[in-house]
Amino acid sequence: MPELPEVETIRRGLAGELTGSIFSGVEIINESSMPESSSLGTELLLDQEIVGLRRRGKVLIIDVGKNYSLLIHLKMTGQLILERPDGGREGGGHPTKAMVSALPDKSTRVVFDFSDGKRLFFNDQRKFGWIKLKDRGEVEQDSLLMRMGEEPLEAGFIEEVLRKKLRGRKAPIKALLLDQTTVAGLGNIYVDESLHLAKIHPETKAIDLNDEQIAKLHSSIVNIIRTAVRLEGTTLRNYLNHRGEKGGYFEHARVFDRTGLPCPECGEEIEKIRVAGRGTHICVNCQRK
DNA sequence: AAGAGACCCTGTTGGC
DNA sequence: TGCCAACAGGGTCTCT
(Lines give C-alpha, C1' and ligand atoms only; values in the text may rest on other atoms or scores of the structure.)
Protein backbone atom coordinates (compact mmCIF):
# COMPACT_ATOMS: atom_id res chain seq x y z
CA MET A 1 0.00 0.00 0.00
CA PRO A 2 2.90 2.42 0.34
CA GLU A 3 2.63 4.86 -2.59
CA LEU A 4 4.76 7.87 -3.44
CA PRO A 5 3.92 9.92 -0.30
CA GLU A 6 4.54 6.99 2.04
CA VAL A 7 7.83 6.04 0.39
CA GLU A 8 8.93 9.67 0.44
CA THR A 9 8.09 9.87 4.14
CA ILE A 10 10.11 6.73 4.82
CA ARG A 11 12.98 8.09 2.71
CA ARG A 12 13.13 11.31 4.71
CA GLY A 13 12.92 9.50 8.03
CA LEU A 14 15.65 7.02 7.16
CA ALA A 15 17.89 9.62 5.51
CA GLY A 16 18.24 11.44 8.81
CA GLU A 17 19.13 8.22 10.61
CA LEU A 18 21.18 6.23 8.14
CA THR A 19 23.21 8.69 6.07
CA GLY A 20 26.82 7.99 7.02
CA SER A 21 26.05 4.66 8.67
CA ILE A 22 28.29 1.72 7.79
CA PHE A 23 27.02 -1.80 7.12
CA SER A 24 28.34 -4.39 9.56
CA GLY A 25 26.03 -7.29 8.69
CA VAL A 26 23.26 -8.51 6.37
CA GLU A 27 20.96 -11.39 7.25
CA ILE A 28 18.63 -12.68 4.54
CA ILE A 29 15.87 -14.61 6.26
CA ASN A 30 13.70 -15.04 3.14
CA GLU A 31 15.71 -15.56 -0.05
CA SER A 32 12.94 -14.46 -2.42
CA SER A 33 12.80 -11.04 -0.75
CA MET A 34 16.28 -10.38 -2.12
CA PRO A 35 16.18 -11.70 -5.69
CA GLU A 36 19.31 -11.44 -7.83
CA SER A 37 21.43 -11.16 -4.69
CA SER A 38 23.45 -14.16 -5.85
CA SER A 39 25.05 -12.27 -8.74
CA LEU A 40 26.24 -9.51 -6.45
CA GLY A 41 26.84 -11.01 -3.03
CA THR A 42 25.51 -8.96 -0.16
CA GLU A 43 28.90 -9.26 1.55
CA LEU A 44 29.88 -6.46 -0.82
CA LEU A 45 27.93 -4.15 1.47
CA LEU A 46 30.07 -4.82 4.51
CA ASP A 47 32.15 -1.84 5.68
CA GLN A 48 30.45 0.30 3.03
CA GLU A 49 28.83 3.62 3.93
CA ILE A 50 25.32 4.80 3.10
CA VAL A 51 25.91 8.01 1.17
CA GLY A 52 22.35 8.97 0.31
CA LEU A 53 18.72 7.95 -0.12
CA ARG A 54 16.72 8.69 -3.26
CA ARG A 55 13.27 7.78 -4.51
CA ARG A 56 11.83 7.09 -7.95
CA GLY A 57 8.08 6.51 -7.95
CA LYS A 58 7.49 3.94 -5.24
CA VAL A 59 11.07 2.64 -5.36
CA LEU A 60 13.47 3.65 -2.59
CA ILE A 61 17.11 3.80 -3.64
CA ILE A 62 19.84 3.62 -1.02
CA ASP A 63 23.23 4.59 -2.42
CA VAL A 64 26.07 2.67 -0.82
CA GLY A 65 29.68 3.77 -1.13
CA LYS A 66 30.87 4.71 -4.60
CA ASN A 67 29.74 1.63 -6.45
CA TYR A 68 26.52 0.12 -5.16
CA SER A 69 22.85 0.85 -4.62
CA LEU A 70 19.99 -0.98 -2.97
CA LEU A 71 16.64 -0.74 -4.74
CA ILE A 72 13.70 -1.41 -2.46
CA HIS A 73 10.04 -1.90 -3.39
CA LEU A 74 7.64 -2.32 -0.48
CA LYS A 75 4.67 -3.35 -2.65
CA MET A 76 1.65 -3.67 -0.33
CA THR A 77 2.89 -4.87 3.03
CA GLY A 78 6.57 -4.00 3.10
CA GLN A 79 7.99 -2.02 6.01
CA LEU A 80 11.41 -0.58 6.76
CA ILE A 81 11.87 -0.15 10.46
CA LEU A 82 15.02 1.30 11.95
CA GLU A 83 15.86 0.31 15.49
CA ARG A 84 18.36 2.40 17.41
CA PRO A 85 20.66 0.90 20.03
CA ASP A 86 18.51 2.61 22.69
CA GLY A 87 15.42 0.82 21.38
CA GLY A 88 13.90 3.81 19.57
CA ARG A 89 12.22 3.23 16.22
CA GLU A 90 11.87 5.07 12.94
CA GLY A 91 10.30 3.96 9.73
CA GLY A 92 7.07 2.95 8.20
CA GLY A 93 5.10 1.11 5.59
CA HIS A 94 1.97 -0.89 5.93
CA PRO A 95 0.89 -0.68 9.56
CA THR A 96 1.02 -3.82 11.65
CA LYS A 97 1.71 -4.51 15.27
CA ALA A 98 5.31 -5.13 14.27
CA MET A 99 5.79 -1.42 14.83
CA VAL A 100 5.34 -1.89 18.56
CA SER A 101 6.57 -5.43 19.23
CA ALA A 102 9.97 -7.05 19.32
CA LEU A 103 11.96 -7.43 16.12
CA PRO A 104 12.75 -9.57 14.26
CA ASP A 105 9.34 -11.22 14.10
CA LYS A 106 7.68 -13.70 11.74
CA SER A 107 7.30 -11.07 8.99
CA THR A 108 10.98 -10.09 9.03
CA ARG A 109 12.61 -10.99 5.69
CA VAL A 110 15.96 -9.18 5.77
CA VAL A 111 17.97 -7.51 8.55
CA PHE A 112 20.77 -4.99 8.03
CA ASP A 113 23.17 -4.23 10.87
CA PHE A 114 25.26 -1.07 11.14
CA SER A 115 28.48 -0.40 12.98
CA ASP A 116 26.85 2.29 15.14
CA GLY A 117 24.50 -0.34 16.56
CA LYS A 118 21.45 0.59 14.50
CA ARG A 119 19.47 -2.17 12.79
CA LEU A 120 17.20 -1.90 9.75
CA PHE A 121 14.44 -4.51 9.47
CA PHE A 122 12.71 -5.27 6.19
CA ASN A 123 9.37 -6.71 7.21
CA ASP A 124 6.92 -7.93 4.60
CA GLN A 125 3.91 -10.02 5.52
CA ARG A 126 2.95 -11.03 1.98
CA LYS A 127 6.45 -11.34 0.54
CA PHE A 128 5.64 -9.31 -2.57
CA GLY A 129 8.23 -6.65 -1.82
CA TRP A 130 11.88 -6.94 -2.80
CA ILE A 131 15.36 -5.54 -2.28
CA LYS A 132 17.87 -5.64 -5.13
CA LEU A 133 21.59 -4.93 -4.85
CA LYS A 134 22.89 -3.32 -8.02
CA ASP A 135 25.98 -1.65 -9.36
CA ARG A 136 25.42 2.10 -9.17
CA GLY A 137 25.74 2.38 -12.92
CA GLU A 138 22.98 -0.17 -13.51
CA VAL A 139 20.35 1.65 -11.48
CA GLU A 140 19.34 3.80 -14.42
CA GLN A 141 19.09 0.67 -16.60
CA ASP A 142 16.63 -1.05 -14.30
CA SER A 143 13.67 -1.87 -16.54
CA LEU A 144 11.09 -0.77 -13.98
CA LEU A 145 12.77 2.61 -13.41
CA MET A 146 13.45 3.09 -17.11
CA ARG A 147 9.81 2.72 -18.11
CA MET A 148 8.46 4.85 -15.28
CA GLY A 149 6.58 8.03 -16.11
CA GLU A 150 7.19 11.53 -14.74
CA GLU A 151 7.42 12.29 -11.03
CA PRO A 152 4.18 14.14 -10.22
CA LEU A 153 5.95 16.68 -8.00
CA GLU A 154 8.75 17.51 -10.41
CA ALA A 155 8.85 20.13 -13.12
CA GLY A 156 8.64 17.57 -15.91
CA PHE A 157 5.09 16.63 -15.02
CA ILE A 158 3.21 19.14 -17.10
CA GLU A 159 -0.32 18.90 -18.40
CA GLU A 160 0.86 18.21 -21.94
CA VAL A 161 2.81 15.12 -20.79
CA LEU A 162 -0.31 13.65 -19.22
CA ARG A 163 -2.38 14.53 -22.27
CA LYS A 164 0.10 12.70 -24.51
CA LYS A 165 0.14 9.61 -22.32
CA LEU A 166 -3.66 9.39 -22.38
CA ARG A 167 -4.15 10.23 -26.04
CA GLY A 168 -6.18 7.62 -27.91
CA ARG A 169 -6.30 5.24 -24.97
CA LYS A 170 -9.54 3.34 -24.51
CA ALA A 171 -8.77 1.85 -21.10
CA PRO A 172 -10.56 3.24 -18.03
CA ILE A 173 -8.69 6.26 -16.69
CA LYS A 174 -8.18 4.53 -13.34
CA ALA A 175 -6.30 1.64 -14.98
CA LEU A 176 -4.01 4.07 -16.78
CA LEU A 177 -3.28 6.09 -13.63
CA LEU A 178 -2.33 2.90 -11.78
CA ASP A 179 0.11 2.10 -14.60
CA GLN A 180 3.51 3.45 -13.48
CA THR A 181 4.47 4.31 -17.05
CA THR A 182 1.73 6.97 -17.12
CA VAL A 183 2.72 8.82 -13.93
CA ALA A 184 5.18 7.51 -11.33
CA GLY A 185 4.14 6.71 -7.79
CA LEU A 186 0.34 6.65 -7.85
CA GLY A 187 -1.50 3.71 -6.31
CA ASN A 188 -5.05 2.83 -5.40
CA ILE A 189 -5.46 5.43 -2.66
CA TYR A 190 -4.27 8.53 -4.49
CA VAL A 191 -5.85 7.56 -7.81
CA ASP A 192 -9.26 7.42 -6.13
CA GLU A 193 -8.56 10.69 -4.36
CA SER A 194 -7.32 12.48 -7.48
CA LEU A 195 -10.26 11.32 -9.61
CA HIS A 196 -12.72 12.51 -6.98
CA LEU A 197 -11.06 15.91 -6.76
CA ALA A 198 -11.14 16.14 -10.55
CA LYS A 199 -14.80 14.97 -10.59
CA ILE A 200 -14.02 12.22 -13.08
CA HIS A 201 -15.61 8.78 -12.98
CA PRO A 202 -12.85 6.12 -12.76
CA GLU A 203 -14.43 4.02 -15.54
CA THR A 204 -14.27 6.89 -18.03
CA LYS A 205 -12.21 5.88 -21.05
CA ALA A 206 -9.18 8.13 -21.33
CA ILE A 207 -10.05 8.87 -24.95
CA ASP A 208 -13.36 10.35 -23.79
CA LEU A 209 -11.77 12.94 -21.50
CA ASN A 210 -11.77 16.48 -22.87
CA ASP A 211 -8.92 18.98 -22.51
CA GLU A 212 -10.55 20.66 -19.56
CA GLN A 213 -10.93 17.37 -17.71
CA ILE A 214 -7.32 16.38 -18.32
CA ALA A 215 -6.18 19.80 -17.07
CA LYS A 216 -8.25 19.32 -13.94
CA LEU A 217 -6.94 15.78 -13.51
CA HIS A 218 -3.35 16.98 -13.81
CA SER A 219 -3.76 19.67 -11.18
CA SER A 220 -5.70 17.29 -8.93
CA ILE A 221 -2.90 14.70 -8.97
CA VAL A 222 -0.32 17.36 -8.07
CA ASN A 223 -2.58 18.77 -5.37
CA ILE A 224 -3.38 15.38 -3.79
CA ILE A 225 0.18 14.06 -3.85
CA ARG A 226 1.63 17.32 -2.53
CA THR A 227 -0.88 17.33 0.33
CA ALA A 228 -0.22 13.67 1.14
CA VAL A 229 3.56 14.20 1.25
CA ARG A 230 3.07 17.18 3.56
CA LEU A 231 0.87 15.06 5.84
CA GLU A 232 3.41 12.21 5.75
CA GLY A 233 1.24 9.80 3.82
CA THR A 234 -1.74 7.70 4.72
CA THR A 235 -1.92 5.34 7.65
CA LEU A 236 -4.88 3.06 8.02
CA ARG A 237 -6.90 2.05 11.07
CA ASN A 238 -5.26 2.17 14.47
CA TYR A 239 -1.64 2.42 13.38
CA LEU A 240 0.57 4.73 15.40
CA ASN A 241 3.91 5.94 14.12
CA HIS A 242 7.14 5.97 16.04
CA ARG A 243 6.23 9.21 17.77
CA GLY A 244 2.90 7.76 18.90
CA GLU A 245 1.06 9.90 16.38
CA LYS A 246 -1.92 8.83 14.32
CA GLY A 247 -3.35 10.12 11.12
CA GLY A 248 -1.72 12.09 8.38
CA TYR A 249 -3.54 12.03 5.08
CA PHE A 250 -6.08 9.38 6.04
CA GLU A 251 -8.06 11.83 8.12
CA HIS A 252 -8.21 14.14 5.10
CA ALA A 253 -9.30 11.39 2.70
CA ARG A 254 -12.11 12.43 0.38
CA VAL A 255 -13.36 9.00 -0.66
CA PHE A 256 -10.74 6.34 0.06
CA ASP A 257 -11.91 3.75 2.59
CA ARG A 258 -14.95 5.94 3.32
CA THR A 259 -17.63 3.65 1.89
CA GLY A 260 -21.06 4.66 3.22
CA LEU A 261 -19.81 7.98 4.59
CA PRO A 262 -20.87 11.32 3.08
CA CYS A 263 -19.01 12.85 0.15
CA PRO A 264 -17.14 15.94 1.42
CA GLU A 265 -18.39 17.93 -1.60
CA CYS A 266 -22.09 17.05 -1.78
CA GLY A 267 -22.97 14.75 1.10
CA GLU A 268 -23.95 11.83 -1.15
CA GLU A 269 -23.05 8.42 0.24
CA ILE A 270 -19.70 7.17 -1.04
CA GLU A 271 -19.91 3.89 -2.90
CA LYS A 272 -17.36 1.15 -3.44
CA ILE A 273 -17.19 -0.40 -6.90
CA ARG A 274 -14.66 -2.46 -8.82
CA VAL A 275 -12.58 -0.91 -11.61
CA ALA A 276 -9.54 -2.45 -13.29
CA GLY A 277 -9.68 -5.24 -10.74
CA ARG A 278 -9.28 -2.82 -7.84
CA GLY A 279 -11.60 -1.70 -5.08
CA THR A 280 -12.64 1.82 -6.06
CA HIS A 281 -14.31 4.54 -4.03
CA ILE A 282 -16.51 7.09 -5.75
CA CYS A 283 -19.22 9.68 -5.26
CA VAL A 284 -21.76 8.87 -7.98
CA ASN A 285 -23.10 12.41 -7.75
CA CYS A 286 -19.78 14.24 -8.21
CA GLN A 287 -18.20 11.71 -10.56
CA ARG A 288 -20.61 11.20 -13.47
CA LYS A 289 -19.79 8.85 -16.31
C1' DA B 1 -0.19 -2.40 -29.59
C1' DA B 2 -3.43 -2.37 -26.17
C1' DG B 3 -6.34 -4.22 -22.82
C1' DA B 4 -8.02 -7.86 -19.76
C1' DG B 5 -7.12 -11.14 -16.46
C1' DA B 6 -4.18 -14.50 -13.79
C1' DC B 7 -0.65 -14.82 -10.57
C1' DC B 8 2.19 -14.20 -6.42
C1' DC B 9 1.30 -14.36 -0.88
C1' DT B 10 -0.85 -14.58 3.76
C1' DG B 11 -3.62 -12.34 7.34
C1' DT B 12 -8.25 -10.67 7.70
C1' DT B 13 -13.07 -10.45 6.72
C1' DG B 14 -17.61 -11.96 5.81
C1' DG B 15 -21.15 -15.21 4.67
C1' DC B 16 -23.47 -19.26 5.98
C1' DT C 1 -19.21 -20.14 17.20
C1' DG C 2 -16.59 -22.25 13.36
C1' DC C 3 -15.27 -23.00 8.84
C1' DC C 4 -13.70 -21.63 4.47
C1' DA C 5 -13.98 -18.86 0.38
C1' DA C 6 -13.21 -14.35 -0.90
C1' DC C 7 -10.60 -10.36 -0.45
C1' DA C 8 -6.67 -7.04 -0.29
C1' DG C 9 -3.29 -5.16 -4.09
C1' DG C 10 1.66 -3.60 -7.40
C1' DG C 11 3.85 -5.24 -10.88
C1' DT C 12 4.75 -8.88 -14.21
C1' DC C 13 3.33 -12.21 -17.28
C1' DT C 14 0.28 -14.41 -20.60
C1' DC C 15 -3.37 -14.45 -23.73
C1' DT C 16 -6.42 -12.45 -27.04
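Note on naming: letters A, B, ... go to the chains in the order of the sequence lines (proteins, then strands), and numbering restarts at 1 for each one.
Straight-line distance from the CG atom of A/Asp179 to the P atom of C/dC13: 14 Å, rounded to whole Å.
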Let me have the donor-acceptor pairs involving side chains of residues 161-169 of chain A, under 3.5 Å, with sequence neighbours excluded, atom names and distances please.
| residue | atom | partner | partner atom | Å |
| --- | --- | --- | --- | --- |
| A/Arg163 | NE | A/Glu160 | OE1 | 3.4 |
| A/Arg163 | NH1 | A/Asp211 | OD1 | 2.9 |
| A/Arg163 | NH2 | A/Glu159 | OE2 | 2.2 |
| A/Lys165 | NZ | A/Thr181 | O | 2.8 |

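At the heavy-atom level, A/Gly129 lies nowhere under 4.0 Å from the strands shown. Using a 4.0 Å heavy-atom cutoff across all strands shown, A/Lys205 reaches no nucleic acid atom at all.
Contacts of A/Arg54 classified as salt bridge (Lys or Arg N to Asp or Glu O under 4.0 Å), with partners at least two apart in sequence or in another chain: A/Asp63, A/Glu140.
Contacts with DNA chain C (heavy atom under 4.0 Å) in residues 138-154 of chain A: A/Leu144, A/Arg147, listed by number. For the segment residues 166-175 of chain A, the set of residues with a heavy atom within less than 4.0 Å of an atom of DNA chain C is empty.
Ionic pairing of A/Glu151 and A/Arg56 is present here: one or more N-O contacts between side-chain nitrogen and carboxylate oxygen are shorter than 4.0 angstrom. Using a cutoff of 4.0 Å between basic side-chain nitrogens and carboxylate oxygens, A/Glu265 and A/Arg254 are scored as salt-bridged.
A side-chain N or O of A/Glu6 and one of A/Tyr190 form a donor-acceptor pair less than 3.5 Å apart. At a cut-off of 3.5 Å, with distance as the only test, a side-chain donor of A/Thr280 or A/Lys174 sits close to an acceptor on the other residue.
Both A/Ile72 and A/Met34 belong to a common hydrophobic cluster when Ile, Leu, Val, Met, Phe, Trp and Tyr are linked at side-chain heavy-atom distances under 4.5 angstrom.
Axis orientation changes by 60° from one end of the helix from B/dA2-C/dT16 to B/dC16-C/dG2 to the other, with each end axis drawn from 5 pairs and the value rounded to 10°.
In this structure, the nucleotide among C/dG10, B/dC9, C/dG9 sitting nearest to the side chain of A/Lys58 is C/dG10.
Taking the six-membered ring for Trp and the full ring otherwise, A/Phe128 and A/His73 have centroids separated by 6.0 Å or more.
Looking at heavy atoms from C-beta onward, A/Ile282 lies out of side-chain contact with A/Asp192 at the 4.5 angstrom threshold.
Grouped by direct or indirect side-chain proximity (heavy atoms under 4.5 Å, Ile/Leu/Val/Met/Phe/Trp/Tyr only), A/Leu261 sits alone.
Checked by distance alone, A/Arg126 brings a side-chain donor or acceptor within 3.5 Å of a matching partner on the base of C/dA8.
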